[in-house]
Structures are given as C-alpha cells and as structure tokens.
Amino acid sequence: MSRSPLQHYWPKKLFDREGPHLVVAGQTLMDIAGQCGPTPLYVYSKQAIHDRIAALQAVLPARVRLHYAVKANPMQEVIDCVAEQVHGLDVSSGNELKAALQSGIRAENISFAGPGKSLQELKAAIAAGITLNVESEVEFTRILSLCEETGQVARVALRINPDFELRASGIKTSGGPQPFGVDAEAAPELLEKISASAVEFTGFHIFSGSQVLQAQTLMEAHEKTFALARQLADHTPVPVKSLNIGGGFGIPYFPGDAPLEVVPVMENLRGLLTEYRETFAETQIILELGRYLVGEAGLYLARITDRKVSRGITYLVTDGGLHHHLAASGNFGQALRRNYPITIGNKLGEHTETVTVVGPLCTPLDVLAKDMDLPKAEIGDLLVVFQSGAYGYSASPLEFLSHPRPRELLV
C-alpha cells in the first residue's frame with residue numbers, strides 16, 4: 001500500500017492509496033460504501049484526527065490547553081474520539097452540551113458560548129457546572145435569576161468583542177458591532193456587577209474569527225488579545241483563571257491555498273506567555289479549535305448515477321449534492337463558487353476528462369464541481385469530496401427537497 005500523493009488534489013497525504021483506490025483505515029472506499037449500504041456517506045478517519053491533534057500538541061506551549069469546538073463536527077463518535085486527546089470542549093447549544101458531557105470530559109473543562117442562550121440551556125449549564133461565556137448584560141441578569149431560583153452557583157467567563165478584527169479571516173466575529181460578546185469598552189462596567197454578585201468568575205473569552213491561513217494574522221491577533229486581556233484584568237474581582245484566545249486556524253480548500261504554518265504561531269504564543277507571565281502567572285490559556293482538528297479528516301462520498309453530454313458539456317450526476325454538503329456547492333449561490341478538492345475514489349491516476357458534477361436536486365445551484373478535470377468516471381463510481389470533516393453534514397440543509405439524509409461513519 002503506497003502513500004504517494006494523488007494527481008490533482010491531495011490533502012497532505014492523509015489517506016492511503018491502493019492502486020486506483022483511495023483507502024481509509026485499511027479499507028478501500030468502495031468496500032466501505034459497499035458494507036455500509038447506500039450512499040451518500042460521510043467518512044471520518046480516526047487516524048487522521050489523532051495525527052493532527054498529536055502534531056499540534058507536540059508544538060503547543062506547555063501552559064496552553066487545547067479545546068475542541070464541538071460545532072465543527074458534533075457527531076458523538078467524533079466528539080468522543082477528539083475528547084481522548086484534548087483538555088476540554090466548547091459548545092454552542094444545549095444538545096452540544098449533552099454530547100460533550102456524554103464524552104466523559106470533566107464539566108469544569110466544558111464551556112458554552114453563543115448569543116441568545118435559552119433559559120433551559122442556561123439552567124442546564126449551571127446545573128452541570130460548566131463555564132458559561134456571558135454574551136450580554138441581559139444574559140448575565142438571567143444567570144443571576146436562575147442562581148437565586150436554584151440556589152446554585154454559576155461559573156462564568158465574560159466573552160469580549162474586542163475593538164480589533166481578525167484580518168484575512170473567512171468569518172469575522174469581532175471588531176465593530178457584533179452580536180457576540182460584550183464590547184471591550186463596556187466590559188469594565190459589567191465586571192463591576194460580576195464582582196458584586198455571587199457567581200464564580202473564571203476569566204475571558206476573546207475569539208476574533210475563523211479560517212485563517214496566514215500565520216502573521218494569527219500572531220497579531222494573539223498579541224492584541226493578550227494586551228486587551230491585560231487591561232481588563234485590572235477590573236476583575238479575582239485573578240483571571242482562564243483566558244480563551246479562540247482559534248481561527250484554517251485549512252486549505254482551494255487551489256492556491258497554502259496550509260497554515262503553525263510553528264511560528266506557537267513560538268509567538270510562547271513569547272507572549274513570557275511577556276505576560278506576571279499578569280497571567282496562574283492563568284490557564286485555552287486555544288479553541290474545531291475545523292483545524294477535524295476538517296481534513298473527513299470525506300464526503302456520493303455515487304455517480306448518470307453521465308450525460310449537453311451541448312458539449314459532460315455532466316456527472318450523483319446521489320449527493322448541496323443538501324448534504326452546502327459549502328462545497330457554494331452556499332446557495334451566496335458565495336463565489338470555487339471547486340473543493342474532489343476526485344473519483346476508485347479511479348485514481350487514470351485518464352482525466354473535464355466535467356461538471358451535479359447532484360439530484362431540481363435546482364441549477366446543485367453543483368459540486370464545475371469544469372473540473374477528474375479521472376474518467378462511469379455510473380457506479382464514487383465521487384469523493386475532501387476537506388469534509390467540519391461544517392459538512394451539520395451545516396447543510398438536509399431537508400431541502402426531502403431527499404434522504406446521508407449517513408456518517410467514523411473509521
């Protein structure tokens with residue numbers, strides 16, 4: 001079994017190859033698909049997840065704790081797999097909280113972020129003893145009311161909307177007006193109210209954005225994050241126990257994308273820990289990552305059900321599409337569509353042809369690849385979409401046009 005890279009798109013040699021077949025966990029994708037029943041299917045590799053986390057842990061500063069953002073891939077088996085290697089989990093809903101607690105991670109190492117938490121979610125979080133990242137003064141008031149009602153003490157951190165934004169990020173969650181967190185300039189006033197309350201204050205959550213591939217961008221964000229946290233530390237009721245600096249580490253999706261250089265980011269972070277050692281001597285620094293840990297470990301498989309030529313264009317029709325993998329299709333036309341890394345999983349290295357790949361939905365938006373060179377495929381072959389381990393299944397409109405849902409498998 002070789003590890004030679006594929007022609008066309010090949011994400012860091014994460015998967016094996018046996019002749020023309022892509023192999024995961026010692027099995028060809030054709031075998032996996034055949035054993036598991038009908039496609040479409042998401043396949044996640046335990047080994048790829050393990051290798052990514054181990055490589056990151058090897059360069060992570062000793063004082064930094066790695067947390068997994070469950071929203072990236074909330075499949076219970078994936079959460080359990082990741083939980084074996086990380087220090088904590090971060091959730092964004094009541095159902096994610098249940099899954100996190102089920103993984104066996106200690107409650108004190110679980111945090112809950114996101115605006116608009118329901119009373120039921122707040123109550124469950126307080127009862128479980130996890131950390132609630134407070135997003136607004138109203139939310140803090142609700143937490144206090146629930147504590148008075150139940151007689152329990154809430155663990156809270158204050159989520160901050162900093163006055164800077166993360167440059168060159170795919171999704172920005174800081175700078176300017178935001179629904180996320182308390183504006184940095186308003187934080188001291190709310191910290192006074194926290195100080196006067198009976199809650200257990202733990203620290204800050206400062207998350208600026210996601211999908212960053214430039215090391216320098218992350219380094220600058222970390223520098224600004226530490227400086228801001230240092231300013232806010234003067235207003236806290238107790239020394240800061242934890243500082244969640246977010247994540248934002250991206251993965252390459254498109255031709256021309258270069259993988260993030262992690263080592264310089266870690267070296268810079270190590271320097272910041274030295275620079276701010278007096279202020280944060282007893283502070284647990286948390287790096288919260290989702291996509292970076294699991295995104296490249298996932299594959300989306302769809303069976304080719306038809307091929308046709310229409311006015312000079314060759315179309316491959318599959319049993320999967322935008323309802324299962326919204327991002328690969330261009331988000332309902334709301335994003336400039338670019339081809340994800342795609343191949344034919346049982347025809348590696350064979351002669352190519354230029355094709356457009358579409359799904360079974362009755363909409364022209366259901367396109368998985370446009371004018372792309374792929375190994376020549378026939379009906380019954382397997383289309384493979386790489387980089388599908390994060391924000392695939394759970395971020396797609398699975399009920400759109402009422403087709404069956406895909407299945408998920410961790411191997």
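Start at 1 with the first residue, then count along the sequence. Any value given below was found using the heavy atoms of this structure, including those in side chains, with hydrogens, waters and symmetry copies removed.
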Taking C-beta and beyond as the side chain, do His67 and Leu287 meet within less than 4.5 Å on heavy atoms? no
State whether Glu139 and Lys117 are salt-bridged, where the test is any N-O pair (Lys NZ or Arg NE/NH1/NH2 against Asp/Glu carboxylate O) under 4.0 Å. yes
4.5 Å side-chain heavy-atom contact, Met372 and Thr356: no
Other residues, nucleotides and ligands only: do more than 12 of their heavy atoms fall within 6.0 Å of CD on Gln76? yes
How far apart are the C-alpha atoms of Ser45 and Val24, what are their side-chain angles, what is the distance that settles it, and do they pass the side-chain contact (heavy atoms from CB on, under 4.5 Å) test? CA-CA 7 Å; Ser45 165; Val24 181; 4.0 Å; yes
Answer whether the closest heavy-atom distance between the side chains of Thr131 and Ile110 falls below 4.5 Å. no
More than 12 heavy atoms of other groups within 6.0 Å of Glu108 CD: yes
Do any pairs count as a side chain to side chain donor-acceptor pair (under 3.5 Å) and have a residue in residues 267-290, sequence neighbours left out, and if so which ones? His205-Glu288, Arg230-Thr279, Asn244-Glu288
Between Arg159 and Asn161, is there a side-chain donor-acceptor contact under 3.5 Å, judged purely by atom types and distance? no
Looking at the rings of Phe204 and Phe207, which for Trp means the six-membered one, are their centres under 6.0 Å apart? no
Quick check: do Asn73 and Tyr68 have side-chain heavy atoms less than 4.5 Å from each other? yes
Distance-only donor-acceptor check, side chains His235 and Glu192, under 3.5 Å: no
Just checking, Arg52 and Tyr292: is the charged tip under 6.0 Å from the six-membered ring centre and within 45° of the axis? yes
Hey, are Thr39 and Asp319 close enough side-chain-wise for a donor-acceptor pair under 3.5 Å? yes
If you count heavy atoms of other groups shown closer than 6.0 angstrom to CD of Gln120, is the number above 12? no
For Gln35 and Asp31, which I'm curious about, is there any donor-acceptor pair between the side chains at under 3.5 Å? no
Between Tyr300 and His325, how do the two ring planes meet: parallel, tilted or perpendicular, split at 30° and 60°? perpendicular
Please examine the side chains of Leu299 and Leu22, heavy atoms only from C-beta on, and report whether any two atoms are closer than 4.5 Å. yes
Would you call Thr305 and Ile379 a side-chain contact if the rule is heavy atoms closer than 4.5 Å? no
Looking at Glu149 and Lys123, is there a salt bridge between them, counting it only when a charged N and a carboxylate O are closer than 4.0 Å? yes
Any chance you could lay out the side-chain contact (heavy atoms from CB on, under 4.5 Å) test for Ile285 and Phe226, step after step, and finish with the verdict? CA-CA 10 Å; Ile285 307 300; Phe226 270 79; 4.2 Å; yes
Measuring centre to centre across the rings, with the benzene-like ring taken for any Trp, is Phe386 within less than 6.0 Å of Tyr340? no
In this structure, CG of Leu89 is separated from CD1 of Ile105 (nearest 0.5 Å) by 4.5 Å
Given Phe400, which partner from the list Ser402, Ser396, Pro397 fulfils the side chain to side chain contact (heavy atoms under 4.5 Å, CB included) test? Pro397
Compare all side-chain heavy atoms of Arg407 with those of Cys36 and state whether any distance is below 4.5 angstrom. yes
Which heavy-atom pair separates Val238 from Phe201 by the least distance, and what is that distance? CG2-O, 3.8 Å
Closest heavy-atom pair, Thr318 versus Gly320, reported as atoms and distance to 0.1 Å, is OG1-O, 2.7 Å
With no hydrogens and no angle check, just 3.5 Å: does a side-chain donor-acceptor pair link Tyr393 and His324? no
Checking Lys241 against Glu200 for the salt bridge (charged side-chain N to carboxylate O under 4.0 Å, His left out) test, could you report, in this order, the C-alpha distance in whole Å, the side-chain angles of both residues, the deciding distance, and whether it holds? CA-CA 10 Å; Lys241 298 177 184 177; Glu200 179 186 349; 3.4 Å; yes
Under 6.0 Å from the CZ atom of Arg106, do we count more than 12 heavy atoms belonging to anything else shown? no
Answer yes or no: is there a side-chain heavy-atom contact under 4.5 Å between Leu273 and Pro61? yes
Side-chain donor-acceptor pair present, Asp373, Thr352, cut-off under 3.5 Å: no
Lys/Arg N to Asp/Glu carboxylate O, Arg291 vs Glu296, below 4.0 Å: no
Check the pair His222, Val265 against side-chain contact (heavy atoms from CB on, under 4.5 Å), reporting the backbone distance first and the verdict last. CA-CA 9 Å; His222 289 165; Val265 178; 3.7 Å; yes
